[in-house]
Structure formats: structure tokens, C-alpha cells
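Working notes, structure below.
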Number of protein chains: 2
Amino acid sequence: MPDPMYRQIAEDLRQKIESGELGHGDQLPTELELREEYEASRNTIRDAVKWLIARGLVETRPGQGTFVMGEIEPYVTVLDFDTGFGQGAVYTSGTQATRKRKVPRASDPRIEIHQAAGNLAEELRLEEGTAVISRNQQRFIDDKPWSLQTSLYPMSFVARGAGELIQAKDIPGGVVRYLEDVLGIKQVGWRDKISVRPPDQTEALFFGLPDNGRVEVFEIRRIAFQDSGTPLRLTVTTFPADRNEFVVHVGRVPGEMPTPAGRVDESGP
Amino acid sequence: MPDPMYRQIAEDLRQKIESGELGHGDQLPTELELREEYEASRNTIRDAVKWLIARGLVETRPGQGTFVMGEIEPYVTVLDFDTGFGQGAVYTSGTQATRKRKVPRASDPRIEIHQAAGNLAEELRLEEGTAVISRNQQRFIDDKPWSLQTSLYPMSFVARGAGELIQAKDIPGGVVRYLEDVLGIKQVGWRDKISVRPPDQTEALFFGLPDNGRVEVFEIRRIAFQDSGTPLRLTVTTFPADRNEFVVHVGRVPGEMPTPAGRVDESGP
DNA sequence: GGGTATTTGTCCGTATGTATT
DNA sequence: AAATACATACGGACAAATACC
């Protein structure tokens, strides 16, 4: 048992939460009530509550009180099933029976032209300074913020005839299909790198993350390749880490998810 | 610009860190110095520092001072390359040139017999109450804690002749190869589910995570299947989220990593 | 809409404990 | 042993957000 008083208070409250004595969404006693209950100062109570907040067990709402965190049904994204933007193999978590397929919707992209540098140049295997197109989209599920996605393509694709890439509108069917249709560039595979990091300001704002720094974001960097082995695109997608999970199938895996092994489909994440 | 004073102080310090004015490992002014510099009370300075801690920008060391967090070179684990326990496709991050292959070492397993219930029963497709073997191992890279792994197998494997499963020692070559050799049970594929959550006490202790709740853990649940489509094992592995990344290859991906697409190898994670 | 009570957020000052050098 | 630096705990005051009448 840790000795600081605020930790003991926190452990006691945690036990009440984890035992179910306090259920999801329930309000805790107010700081003043806890102050009397534990015979501690209000600041010490607040330290205990901060400790619970840091572990995602409770949240405070100014003017209302302190509440046990509600349960989250994470979205599950299948990484080896590459669908067009705005559609996808996304499910709610839960038992097999309650699982529901979800259909994402994407905003029109914000287009920017960058010069490849550092990491980006290495990942797309371009000379430093080469022009690249950046297509940035907000993606929603049930009209709730779900992910932020930026795809980067060599600018040369435009000169070769893929003019839609620099148009600020969604490409129905996805960019990957478009590139194959127009340029004959075929995506034959990709590599995903999955990591977790604190959100930047844009992400915190879009996802509505609390500003206490507790919720991090998944960052998935997908480098997709052409038949020649040349990178075709880099797509960076971020998701709030507290309400998303990812699934990968390797080899032969029995049905249930619509993901025959070893198959390659089209576009993002 | 946020108005609370502690946030303004925090933003100012953050800017100094992110601009490089304060480098990795550098010591910040002491609380008393900051108190004079910003003309605030020590408690307010401490609130600012706590905000920086919550974002992983600094750490405090009692008796020493406050320091900018050192840089971490994450380990990169290739999820579609299933190696034997204690070997594996694990790399340091960084540019292609500085990347180094790492070889994990696993402790002897702690063996437990459980009854399948709830999630576990569903995932292994066993009746509730069926006996399962739990093999729990600590895994190290360069003798530093790297991951905790628990593999669960149906108890029936033992009756059918796989007695090594309930021996508290590592099985050279991996359990998957052992099961194929002894029982003819062949692993043909698997499904990984990747999520992030706060560490439990065991994990926090083993990984040496700070008790401020900032560092979460990756949890990777791998259900591996036999040719018949029946689950063969459930392996749950956890990694500190601040120093691990994961890579997945789908379809055809050019060399560099030793992972020809569509190949299936042996055992964990 | 306005006013009031409730509840958490910010800020201050002080004292003492504990870890490190 | 002494000095330094962060950690814990107390108390008080006022601000800001919310709910309710």
C-alpha cells in the first residue's frame, strides 16, 4: 500500500470503481463531501482525483461534479482490408452477435503542395526537394470524428495525367483505383507502421480530446507500393487511442470477417 | 492562447523545448528559479510542470531537478513474421542505415491452469469451464524488459501427448513447432487485435513505468488457427507504448525487411 | 433572462517530508 | 552533516461553469 494520503484515497476510490460499487457514469461525492469523508484537505482530495483522471477512471465536469468514465465501444479497423476512402472494414467491438459494420464518411480533401524532405523523402524514395501532393481529409463514423488522414503522392503523377489529384474533392472509388484507371499504376501491397503518440493541437481539437493529455493517438503510416517496388503513396492516418482498435489477418483465418487472406484491395487508410 | 497562468508558463516552456532551446536531457530551471522568472507561486509553476509531464515532455527527479525527456529509439516488431520465442523480427527504429536487428530473450514460463470463461472461451471457441494452460513469460531485449506474454492452449493438447506444455521451461524452437512435431497440429494463420490501455500493476512494475499513469501499453491478442479453422492458441502480449512500434506487410512489399509476403512462420507474439 | 446555489478550476502562501548530491 | 530540489499536505480566496428556480 503506497503511503501518501492522496494515493490511499485514490486507491480506495479506485477499488469502489473497479468493484462496481460505483458504476459507469455514476457521480462521485463532491470534493467537499470527500474532504469530510477522508478528513483531508480539499487539495489532497483533488490530488487523489487527478490520479484517477490520469488513469482514465474518472472525469471531472466543472460546475457538475466528478464522474466514473463511461464505457467505450471501440471501433475496430481491419488493416489488411484496404477499402476506398469513405467505405471500409470498420466494426464496433463487442461480442460477435452485437458487432456492427460501420461506414466512414470523408470530408472533401484539403490539398497542399509540399517539398519532400527528411522522413517523407526517404519513405517515398524521392530526391529531397521533389514536389509532392498532400491530400488531407477528416473522416467520420456516424457523423462523429473518427480519424484524420493525409495522403502524399509524387507530383509527377499529375503531369502524367492524374489531374484529379490536385482537385479539392473526394475521388469516388478511391485514389488507388483512379491511379490504376488513368495511369495504369497498380498497388500491389503496402507496409503499415503503427505507433502511439500524444495528439497535436489539430488532432486534439478535431477529436475533442480532453486537454489533460491523457488520450493519445494511433498513428498509422502506410507506404503502398507499385508492381515495380516503387512507393506509390504515403498515407498517414491518426485515430484516438481510447476508442479504436486494429485487426490484422495473416495466413489463413476462418471467415467471420470479410477478409480472405492474402487478398489486396483498394485505397486507404 | 489559453488564459490560465500555469498554461501560459507551460506553453512557454514547451516552446523552448520544441524549438531545441532546451535539448533532450537538459535540466530546466528549478521550481524556485521559475517562480522568480515568471513571477508566480511555486504551486503554479508546479502545475505548469505537471502539464508538461502529462504530455511526456519533461520528467522530474526528486532531489535533482526537472529534465527534458530523453529521446527514445523505439523497437519495431514485425507482426506478420512469426518467429520462435526468444528470436524474432525486431528492429531498432531510425534510418535504414542505423537499423539493427535485435534478438529477444524469454524467461522460463510460469505455468497456470485456468478455466476458460467469457472472452477467453469465445476466442478459443471452447465451452465455458474447459481447462486451458496458461504459459506466462517475461521477454527481454539486451536484458532490458521488453514485453510480457501469456499464451493459452486447450488442456486437451496435453492429454493428446504434448506434455511439455505444462513444463515450466522454454520450449526451444517454439511451442508452435513443438505442437506440429508432436501432435501434427499445424498453424496456418492468425488474427491480431491491437489496442492500447493503461498498464496493470504487474506491467508497470516489470517495465519500470512511471506511476503517473502517462505511459500506456500496447496489448496484442493473437488468435492462431489450425488448418481446420479451429483456434490453436491465444497469445496476449503487452509492450510499453512509448518505446515500441509495429509493422505489418500486406501483399507484395519490396525487400529490406526479411518478410516475403504471404508467408507464415512459427510461434509468438 | 436573471439570480443564486453548487461544484470544480486557478492561484496564493506556508510548513514539513524525502530523495539526492 | 548540510544543502538542494522535488513531493506532500494544509489553509484560504476568488473565478468560472453549470444547474435550478
Side-chain angles (χ1 to χ4, degrees), chain A residues 1-14 17 22 25-70 204 208-214, chain B residues 1-14 17 22 25-70 204 208-214:
Chain A
M1 196 63 167
D3 30 63
M5 191 190 308
Y6 79 95
R7 286 279 275 116
Q8 296 193 24
I9 297 170
E11 294 290 356
D12 191 61
L13 290 170
R14 164 154 87 160
I17 292 167
L22 288 163
D26 285 2
Q27 179 167 10
L28 272 68
T30 67
E31 292 175 351
L32 292 184
E33 285 165 346
L34 290 171
R35 181 179 141 287
E36 302 202 340
E37 184 176 340
Y38 291 104
E39 295 179 329
S41 78
R42 181 172 164 233
N43 281 328
T44 300
I45 297 298
R46 283 177 62 76
D47 281 345
V49 171
K50 277 178 203 159
W51 191 88
L52 295 171
I53 290 174
R55 277 150 192 77
L57 293 171
V58 306
E59 63 183 331
T60 54
R61 301 178 205 148
Q64 296 187 56
T66 305
F67 300 83
V68 180
M69 278 289 224
L209 304 181
D211 81 331
N212 56 26
R214 222 204 61 77
Chain B
M1 198 64 167
D3 26 66
M5 191 188 313
Y6 79 95
R7 286 279 274 115
Q8 295 193 22
I9 296 170
E11 293 292 353
D12 190 60
L13 289 170
R14 163 154 86 162
I17 292 167
L22 289 164
D26 284 3
Q27 179 167 9
L28 272 66
T30 67
E31 292 175 349
L32 293 184
E33 286 165 343
L34 290 171
R35 180 181 144 286
E36 303 202 340
E37 183 176 340
Y38 291 104
E39 296 180 327
S41 80
R42 182 171 163 235
N43 282 330
T44 300
I45 297 297
R46 281 178 63 75
D47 282 344
V49 171
K50 276 179 202 158
W51 192 89
L52 294 171
I53 292 173
R55 277 152 192 76
L57 293 171
V58 305
E59 64 183 330
T60 55
R61 302 181 205 143
Q64 298 188 52
T66 305
F67 299 84
V68 180
M69 279 289 225
L209 304 182
D211 81 330
N212 56 26
R214 222 203 62 77

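Per chain, numbering begins at 1; letters A, B, ... match sequence-line order.
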key: Nearest-Å distance for atom pair CE/C1', residues A:Met5 and D:dC10   = 9 Å

task = Search all heavy atoms of A:Leu52 against all heavy atoms of A:Ala10 and return the closest pair with its distance.
result = CD2-O, 3.6 Å

d(CZ, B:Arg46; P, C:dC11) in whole Å = 15 Å

task = Looking at every strand, decide which applies to A:Arg61 at a 4.0 Å heavy-atom threshold: base, sugar-phosphate, or nothing.
result = sugar-phosphate

task = Starting from C1' on D:dC6, measure out to CG on B:Asp211 and report it in whole angstrom.
result = 14 Å

ask   = Want to settle it: does A:Gln64 or A:Arg7 sit nearer the 5' end of DNA chain D, counting the closest nucleotide to each?
value = A:Arg7

ask   = Which base sits across from C:dG2 as a Watson-Crick or G-U pair, both distances under 3.5 Å?
value = D:dC21

remark   = Minimal heavy-atom distance between B:Tyr38 and B:Leu13, with the atoms involved, is OH-CD2, 3.8 Å

note = Taken to the nearest whole Å, OH/B:Tyr6 to C1'/C:dC12 is 16 Å

request  = State, with a plain yes or no, whether a side-chain heavy atom of B:Pro29 is found less than 4.5 Å away from one of B:Glu37.
outcome  = yes

Residue A:Thr60, side-chain atoms from C-beta onward, closest of C:dG9, D:dC10, D:dA9 = C:dG9

ask   = Quick one: A:Asp47 CG to D:dA9 C1', roughly how many Å, whole number?
value = 8 Å

message = How close do A:Gln8 and A:Asp3 get, counting heavy atoms only, and between which atoms?
response = NE2-O, 3.1 Å

query = Taking all non-hydrogen atoms of both residues, which atom of A:Glu31 and which atom of A:Arg46 are closest, and how far apart?
reply = OE2-NH1, 2.8 Å

Side-chain N or O of A:Thr66 closer than 4.0 Å to phosphate OP1/OP2 of C:dT7 = no

note = Here the pair of heavy atoms bringing A:Ala40 nearest to A:Met5 is CB-SD, 3.7 Å

Pair of N/O donor and acceptor under 3.5 Å linking D:dG12 base with A:Arg42 side chain = no

request  = Grab the CD1-C1' distance between B:Ile45 and C:dC12 for me, whole Å please.
outcome  = 12 Å

task = Can you tell me the distance, in whole Å, between the CH2 atom of A:Trp51 and the P atom of D:dA9?
result = 14 Å

request  = Can you see which heavy atom on A:Val49 is nearest to which on A:Val58, and at what distance?
outcome  = O-CG2, 4.1 Å

query = By a strict heavy-atom criterion of less than 4.0 Å, which residues belonging to residues 30-39 of chain A are in contact with DNA chain C?
reply = A:Thr30, A:Glu31

task = Could you please name the option among D:dC10, C:dC12, D:dT8 that lies closest to any side-chain atom of B:Thr44?
result = C:dC12

Atom pair distance, as rounded to whole Å: NZ in B:Lys50 and C1' in C:dT10 = 12 Å

